[in-house]
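This report concerns only the one structure given below.
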Amino acid sequence: MAERSGSTADIRIGPVTPANRALVTALQLAPEQMDFVASNAASLREARSDRDARPRAVMAGDQIVGFLMYEAPRDDDEARIYRFMIDRASQGRGYGKGALREVLEEIDGLGHIRHVSICYEPENEAARQLYRSAGFVEQGLDEDGEMIADLILPTGDR
Ligand SMILES: CC(C)(COP(=O)(O)OP(=O)(O)OC[C@H]1O[C@@H](n2cnc3c(N)ncnc32)[C@H](O)[C@@H]1OP(=O)(O)O)[C@@H](O)C(=O)NCCC(=O)NCCS
């Protein structure tokens, strides 16, 4: 019983630091998932030259189990989550759901964001179900053929 750590309540997100960076870049996807999201190493390289990028490690207890990245520019009311992954060995335990809850809470706490967009390959059923269950509504395909979904934050009376 003590070994079980599958509760979404255990999930937190935090900054990627020199101390956890190697653990984040070592996270893996199943081969058939690799086209769904850029590698974490590539995303972290990209973040170095993009001041708006907010990379986050996903932690279950003290273990790094995933990675996500979003932007929420100060002069905009829209945030965009554009990287999201849970290590293949840790999928299916509610960690994706927990990480999404945490990042939406962090974004809401910024105070200037009214809605959040996210995009995914139309054939990515796990992503579609995950985002739909959090309230994201599909808007249609963008010019690259990716599905865009949008969530209005519930505290939308700012
Ligand atoms: C999408 C992803 C982040 C989900 O993470 P996860 O930790 O496995 O998801 P959870 O266990 O929290 O499941 C949350 C919901 O996602 C959906 N889901 C997860 N895996 C699924 C699958 N294989 N098929 C269909 N739906 C699935 C379900 O709706 C599930 O809710 P439920 O268990 O109440 O039915 C993970 O599969 C992943 O990293 N995929 C590869 C990268 C990717 O596609 N990223 C998203 C695009 S940017």
Side-chain angles (χ1 to χ4, degrees), residues 1 3-16 20-48 50 52-73 76 78-108 113 115-154:
M1 191 171 91
E3 290 298 315
R4 288 182 66 95
S5 60
S7 164
T8 65
D10 293 338
I11 294 291
R12 291 177 301 118
I13 61 171
V16 178
N20 66 23
R21 189 181 180 93
L23 293 170
V24 169
T25 56
L27 297 172
Q28 290 185 349
L29 294 176
E32 67 275 13
Q33 297 176 325
M34 286 169 68
D35 286 343
F36 290 155
V37 64
S39 77
N40 295 345
S43 296
L44 290 172
R45 276 196 303 276
E46 187 183 315
R48 279 192 175 143
D50 179 357
D52 284 332
R54 299 175 191 240
R56 297 288 183 264
V58 177
M59 288 158 291
D62 58 6
Q63 197 188 348
I64 306 269
V65 297
F67 172 76
L68 61 88
M69 195 152 89
Y70 72 97
E71 62 177 13
D76 200 348
E78 175 181 356
R80 194 166 69 90
I81 300 170
Y82 56 106
R83 301 289 150 71
F84 197 100
M85 63 82 69
I86 299 294
D87 183 77
R88 60 183 298 188
S90 296
Q91 291 178 11
R93 300 183 193 176
Y95 293 162
K97 200 175 268 188
L100 188 57
R101 178 197 64 221
E102 291 297 298
V103 71
L104 291 174
E105 198 176 306
E106 179 172 304
I107 290 170
D108 195 27
I113 299 296
H115 66 114
V116 182
S117 71
I118 207 154
C119 72
Y120 46 91
E121 299 294 335
E123 67 271 25
N124 190 347
E125 203 51 41
R128 167 178 283 122
Q129 295 294 341
L130 169 64
Y131 302 143
R132 181 189 288 163
S133 72
F136 282 84
V137 177
E138 293 190 335
Q139 307 293 307
L141 301 178
D142 69 8
E143 65 273 15
D144 299 323
E146 295 217 326
M147 179 60 72
I148 308 283
D150 193 75
L151 174 77
I152 310 282
L153 291 177

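Each ligand, and each atom within it, is numbered from 1 in the order the structure gives.
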If we number the atoms of ligand 1 from 1 as shown, the ones under 4.0 Å from a heavy atom of Arg93 are 11 (O)
- Step by step, would you call Glu138 with Arg128 a salt bridge (charged side-chain N to carboxylate O under 4.0 Å, His left out)? CA-CA 9 Å; Glu138 293 190 335; Arg128 167 178 283 122; 2.8 Å; yes
Logged contact type for Arg83 with ligand 1, heavy-atom cut-off 4.0 Å, is neither
| query | Are Arg80 and Ser117 close enough that a side-chain donor and a side-chain acceptor fall under 3.5 Å? | reply | no
Of Cys119, Ala127, Gly92, Gly96, the one whose closest heavy atom lies nearest atom 8 (O) of ligand 1 is Gly92
TODO: Report yes if some heavy atom in the side chain of Phe84 is under 4.5 Å from a heavy atom in the side chain of Val58; otherwise report no.
DONE: no
Of Arg128, Lys97, Glu121, the residue with the heavy atom nearest atom 33 (O) of ligand 1 is Lys97
Can you tell if the side chain of Glu71 reaches within under 4.5 Å of the side chain of Ile81, non-hydrogen atoms only?
no
protein heavy-atom neighbour closest to atom 38 (C) of ligand 1 works out as Gln91 NE2, 3.6 Å
Next item on the list: Flag the pair Met85 / Asn40 as yes when at least one side-chain heavy-atom distance between them is below 4.5 Å, and no otherwise.
Entry: yes
Is there side-chain contact between Phe136 and Met147, with at least one heavy-atom pair below 4.5 Å? no
The atoms of ligand 1 lying under 4.0 Å from a heavy atom of Gly94, numbered in the order shown, are 10 (P), 11 (O), 12 (O)
Q) Are there more than 12 heavy atoms of other residues, nucleotides or ligands under 6.0 Å from atom CG of Asp35? A) no
Under 4.0 Å from one or more heavy atoms of Phe84, ligand 1 contributes atoms 3 (C), 42 (C), 43 (C), 45 (N), 46 (C), 48 (S)
Answer yes or no: is there a side-chain heavy-atom contact under 4.5 Å between Glu146 and Glu121? yes
Problem - Beyond-backbone contact of Asp108 with Glu106, side-chain heavy atoms, under 4.5 angstrom - result: no
Parallel, tilted or perpendicular for Tyr120 and Tyr131, by the 30°/60° rule? tilted
min-distance protein heavy atom vs atom 28 (C) of ligand 1 -> Gln129 CB, 3.9 Å
Atom 40 (N) of ligand 1 has as its nearest protein heavy atom Gln33 NE2, 3.7 Å
Per-atom filter on ligand 1: closer than 4.0 angstrom to a heavy atom of Met85 are 39 (O)
| task | State if Phe67 counts as touching ligand 1 under the rule of any non-hydrogen atom under 4.0 Å. | result | no
query = Counting only non-hydrogen atoms of the protein, does one fall under 4.0 Å from atom 35 (O) of ligand 1?
reply = no
Looking at Ala126, Ala38, Ala99, Gly66, the heavy atom closest to atom 24 (N) of ligand 1 belongs to Ala126
The closest protein heavy-atom partner of atom 39 (O) of ligand 1 is Ile86 N, 2.9 Å
Ranking Leu130, Asn124, Ile118 by closest non-hydrogen atom to atom 15 (C) of ligand 1, top hit is Leu130
